[in-house]
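Note on naming: letters A, B, ... go to the chains in the order of the sequence lines (proteins, then strands), and numbering restarts at 1 for each one. It should be emphasised that the depicted structure is a prediction, and the values quoted were computed from it without experimental measurement.
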Amino acid sequence: MNIPADLKYSKDHEWVKIEGDIAIVGITDFAQSELGDIVYVEVDTVDETLDKEEVFGTVEAVKTVSDLFMPISGEIVEFNETLEEEPELVNSDAYGNGWMVKIKFSDASEVEDLLTPEAYKELIGA
Amino acid sequence: MKNTALYDTHVELNAKMVPFAGYNMPVQYEGVTIEHQTVREGVGVFDVSHMGEFLVSGPNALELIQKISSNDATKLTIGKAQYACMPNENGGIVDDLIIYQIKEEQYLLVVNASNIEKDWNWISAHNTMNADMRNISEEYSLLAIQGPKAVEAMQSLTSTDLSAIKYYHFEVNDFAGIEHVIISATGYTGSGGFEIYCKNTEVKQVWDKVMEAGASFGIKPIGLAARDTLRLEMGFCLYGNDINDETSPIEAGLGWITKFTKDFINSENLKAQKENGVTKKLVGFKMNEKAIPRHGYEILDTEGKTIGEVTSGTMSPSLGIGIGLGYVTIANSNIDTQIQIQIRKKQIPATVVKLPFYSNK
């Protein structure tokens, strides 16, 4: 299971990459493999400010549907619109072109609370 | 949790294993979409050994089957199979099953894995005529070899002319070097092919030879996820979703296997339902927009009034749209009726369509 060392993780199987005051968020390799073939990523919350653990969108795989949770509080400033046409990027490139949203985060201390790669690895028993 | 005799094989093939009906079963190997396409266009093999098998024999076997089955087993001859359901006394369905006539006074009943114990108890309780019953579920394995290339790919494994076996017919013959295998032209995919019944001790050899013979045809192992999308595209009912202890066979569109040419459990009430009409019906529907219906979602009319519930739903890999089955009020059950599906906070328009959703060209 691929768990890049330079990212932070949430217990809801999201990865977070911090760039200044922006957090880029996607789902982990483990999450995409559990979901199977992803067919839609629905995010209707662009420009909304949401709290940590609130639902910001939904990912639909052929066989199942799963909510997407805010790993940290903040404003959704961008959705990766490429996923509207190519949702399969979440399966094939979960940590790259399969990113989902950019969040302008409001509380830097929440970043500290995210899981380290080691802690996430332990969480999924990899 | 039980394993099928092919558990190690699935693990070696890197299958994702999930608990299903008391068994560790392969839900997918490579991915549901590619596996689905493989069965639609080529050939794939499923281990469905979790299914239950009962052997009913003796001079009273037919009488017992006629009592529990909605279909008319006197239409069976040796080498023929019949789809049926077992109605309960309260208007619902105990299980759906396939009945094979193996020889004079001997029938094989193939039932859903999740219902083995319930079905066994049900049939035993109605066996007042003392037919001989044996539960051979733990001794027998079942492989489904499905797809338009199944006949050609498997022909080298048997002396039976596979192209000559008609749909819902079977032969007992040699297959993959094993004698007395049931080779049945049945399946749950709508893409043609066979189901192979053999002993647990033989199934590894059969699997290996099937994979070997199918290699040049691009055969792949197929998991339960694709089994579900394949059956749903055909509009085939799944017990536990679309039919259950409370759904009527008439409401479920199973009137064609409910024959009032004989008496069976609850036949009088079901006959009255058929004559007087039912208040709801199982229909197929397609989403008009990009959205996927799922089991349990509410179905609404165009005014927003609740008219039913989704019993099965998925993204159709063949059609690229969301499809589903669900019960709706009779007034909303005609083909082309516009309905809506409540998906999270939105009401998404859908259309009632004729089944199957998909048909082979």
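- Counting non-hydrogen atoms of neighbouring residues, nucleotides and ligands closer than 6.0 angstrom, the CD atom of E122(A) reaches no more than 12 such neighbours.
- Residues passing the side-chain hydrogen bond (donor to acceptor under 3.5 Å, both in side chains) test with K220(B), sequence neighbours excluded: E30(B).
- Proximity to chain A is limited to the side chain of K346(B), based on heavy atoms less than 4.5 angstrom apart.
- A distance-only check finds a donor-acceptor pair linking the side chain of D37(A) to the backbone of T33(B) [under 3.5 Å].
- Residues of residues 293-304 of chain B lying under 4.5 angstrom from chain A, judged on non-hydrogen atoms, are R294(B), Y297(B) in numerical order.
- Among the residues in residues 39-71 of chain A, those with a non-hydrogen atom closer than 4.5 angstrom to a non-hydrogen atom of chain B are V39(A), Y40(A), E42(A), D44(A), T58(A), E60(A), A61(A), V62(A), K63(A), T64(A), V65(A), D67(A).
- The interface of residues 83-118 of chain A with chain B, defined by heavy-atom distances below 4.5 Å, comprises E84(A).
- At most 12 heavy atoms of other shown residues, nucleotides or ligands fall within 6.0 angstrom of atom NZ in K121(A).
- Counting heavy-atom pairs closer than 4.5 Å to chain A, the top residue among G31(B), A225(B), S316(B) is A225(B).
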